[in-house]
Protein chains: 2
Amino acid sequence: MELDDIDRQIIAQLQGDGRRPFTQIASDLGVSEGLVRYRVQRLTREKVMQVVGIADPLKIGFDLMVMVGIRVRPGLVREVADRVSKFPEASYVASIGGDLDLLLEVVCRDTAHFADLLNNRLHHIEGVTSTQTFLILEIHKMAYGWGVPDAPAAERPEPHVPVLRE
Amino acid sequence: MELDDIDRQIIAQLQGDGRRPFTQIASDLGVSEGLVRYRVQRLTREKVMQVVGIADPLKIGFDLMVMVGIRVRPGLVREVADRVSKFPEASYVASIGGDLDLLLEVVCRDTAHFADLLNNRLHHIEGVTSTQTFLILEIHKMAYGWGVPDAPAAERPEPHVPVLRE
DNA sequence: TCATACGTTACGAAATCCGCAACCAGCGTA
DNA sequence: TACGCTGGTTGCGGATTTCGTAACGTATGA
């Protein structure tokens, strides 16, 4: 789906405040409220953007976050990714190129919870050859959204630094 | 700050839909709209939760996401974390225990953009001794929120699996 | 005991959202 | 060309939600 300036500016504003009234966004952009409503609906439907509440896990009862690097037997990366994505504790799963094949971030209640996850579930998945765990000590930045470039990459010749919140 | 059931249920509902009317949340919980408004304000003020729009970077013009593992000279981790957190491209920064000291996820326009970041900015930071980059091929899961436990950890004796969306 | 801060409810006014209907432009097709 | 169609946009009420504020109860501490 192709985004225009209106989409980008709507996203940018909603990144700052997900409950910003459509009327205010509209008057900022000089368009009608109905249009903003239509665009937000479309962006949401196309899964380009969504408006959600996000909570700091360390403040709502989870004491342990761990990043697990996983090495997988060639050809099984996709499958393992799908399996670990189904872990309810998984907050982030990405396949990567480099020394490791998968990154998995999990949010656990305590070390016993994590030990159970690692030994009884992760290591039993077909294709997982080794894991490396990194205890997350502190989250310094979690940009819950990404900056919106002024225009698509193709139209931007010179380096552009995306504007991110905080 | 101590959360009660009302806070947790408000967070849970907002995790599903960040624009859900307070009136509807209120009637679900059997409390007044004013109370929901008050709680959301407080949760936001205390930085426990926030309602934001989040966009898929790959759908809004950024083609390259990289996870960078950073080794830092002892004692400088905090400082380096603060420095890299200021990178507008940084979407995630966490200090970790293990083979590496810092994890930095960046969202870039293209490889040239990332090369500039790595060589001209990251490697010039005092205390950075080595880096290891992992190209993010595909994001399989990005839980934009975390499950809310039924009660604080201390009151929960048996294992609890947080309920996550998707 | 009193004062103060905090959490909660209730209520009316203001603002917002929502469901249309209408209109325009572009596009493929007869 | 004319026609019908789809997608994007605006405008307008009515329904709903939010917002400001006053009032009340309950701890808490001086």
Side-chain angles (χ1 to χ4, degrees), chain A residues 1-56 59-61 144-145 148-155 165, chain B residues 1-56 59-61 144-145 148-155 165:
Chain A
M1 187 192 143
E2 204 50 44
L3 301 189
D4 65 7
D5 261 353
I6 305 215
D7 292 310
R8 279 186 282 270
Q9 292 190 50
I10 289 174
I11 293 173
Q13 296 211 19
L14 255 18
Q15 282 182 338
D17 175 7
R19 286 185 87 94
R20 182 135 219 260
F22 296 158
T23 48
Q24 288 181 33
I25 298 175
S27 73
D28 271 14
L29 305 191
V31 296
S32 70
E33 177 268 344
L35 180 57
V36 174
R37 188 157 30 111
Y38 175 78
R39 295 301 189 96
V40 169
Q41 246 175 232
R42 187 171 59 175
L43 290 168
T44 303
R45 174 166 33 91
E46 304 287 337
K47 304 232 198 295
V48 172
M49 182 201 69
Q50 60 185 130
V51 177
V52 293
I54 48 183
D56 182 337
K59 290 189 179 173
I60 60 174
Y144 301 112
V148 184
D150 299 329
E155 308 171 17
R165 283 166 298 100
Chain B
M1 186 192 144
E2 205 50 44
L3 301 189
D4 66 7
D5 260 354
I6 304 212
D7 291 310
R8 279 187 281 271
Q9 292 191 51
I10 289 174
I11 293 174
Q13 295 211 22
L14 256 18
Q15 282 182 341
D17 174 7
R19 287 185 86 95
R20 183 135 217 261
F22 296 159
T23 49
Q24 287 182 33
I25 298 176
S27 73
D28 270 15
L29 306 190
V31 297
S32 69
E33 175 268 342
L35 179 57
V36 174
R37 187 160 26 118
Y38 175 79
R39 296 301 189 96
V40 169
Q41 247 174 233
R42 186 171 59 174
L43 290 168
T44 304
R45 172 164 35 88
E46 305 286 336
K47 305 232 197 296
V48 173
M49 182 202 70
Q50 61 184 131
V51 177
V52 293
I54 49 183
D56 182 337
K59 289 190 178 173
I60 61 173
Y144 301 112
V148 185
D150 299 330
E155 307 170 20
R165 283 168 297 100

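Quantities reported herein were computed from a predicted structural model and do not represent experimental measurements. Lettering of chains follows the sequences in order, A, B, ..., and the numbering in each one begins at 1.
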List, with names and distances, any nitrogen or oxygen atoms from the protein found under 3.5 Å away from nitrogen or oxygen atoms belonging to nucleotides 14-16 of chain C.
| unit_1 | atom_1 | unit_2 | atom_2 | d |
| --- | --- | --- | --- | --- |
| C:dT16 | OP1 | A:T23 | OG1 | 3.4 |
| C:dT16 | OP1 | A:Q24 | NE2 | 3.3 |
| C:dT16 | OP2 | A:T23 | OG1 | 3.4 |
| C:dT16 | O5' | A:T23 | OG1 | 3.4 |

### Query
Which residues pass the side-chain contact (heavy atoms from CB on, under 4.5 Å) test with A:T44, sequence neighbours left out?
A:V40, A:M49
### Query
Within this structure, what is the CG-to-P distance between B:D5 and C:dT8, rounded to whole angstrom?
12 Å
### Task
Please examine the side chains of A:V48 and A:I11, heavy atoms only from C-beta on, and report whether any two atoms are closer than 4.5 Å.
yes
Below 3.5 Å is the cut-off: list the nitrogen or oxygen pairs between protein and nucleotides 5-8 of chain D, distance only.
| unit_1 | atom_1 | unit_2 | atom_2 | d |
| --- | --- | --- | --- | --- |
| D:dG8 | OP1 | A:R42 | NH1 | 2.7 |
| D:dG8 | OP2 | A:Y38 | OH | 2.3 |

### Task
Sort and list the pairs that fulfil salt bridge (charged side-chain N to carboxylate O under 4.0 Å, His left out) and have at least one residue in residues 21-31 of chain B, not counting sequence neighbours.
B:R20-B:D28
## Note on the structure
B:S27 meets the side-chain contact (heavy atoms from CB on, under 4.5 Å) criterion, sequence neighbours left out, with none
### Task
Just jot down the side-chain contact (heavy atoms from CB on, under 4.5 Å) partners of B:R42, sequence neighbours excluded, or say none.
B:M1, B:D7, B:Y38, B:R39, B:R45, B:E46
### Query
Between A:A55 and A:I60, which heavy-atom pair has the shortest distance, and what is it?
CB-CD1, 3.9 Å
### Message
Walk me through whether A:L35 and A:L29 qualify under side chain to side chain contact (heavy atoms under 4.5 Å, CB included).
### Response
CA-CA 10 Å; A:L35 180 57; A:L29 305 191; over 6 Å; no
### Message
Go through it in stages, so that I can follow the logic: the residues are B:K59 and A:K47, the test is side chain to side chain contact (heavy atoms under 4.5 Å, CB included), and I'd like the CA-CA distance, side-chain angles, deciding distance and then a yes or no.
### Response
CA-CA 9 Å; B:K59 289 190 178 173; A:K47 304 232 198 295; 4.0 Å; yes
#### Entry: Atom-pair distance (CZ on A:R37; C1' on D:dT9), nearest Å
12 Å
### Task
Using whole Å, report how far CD of B:Q41 lies from P of C:dC6.
14 Å
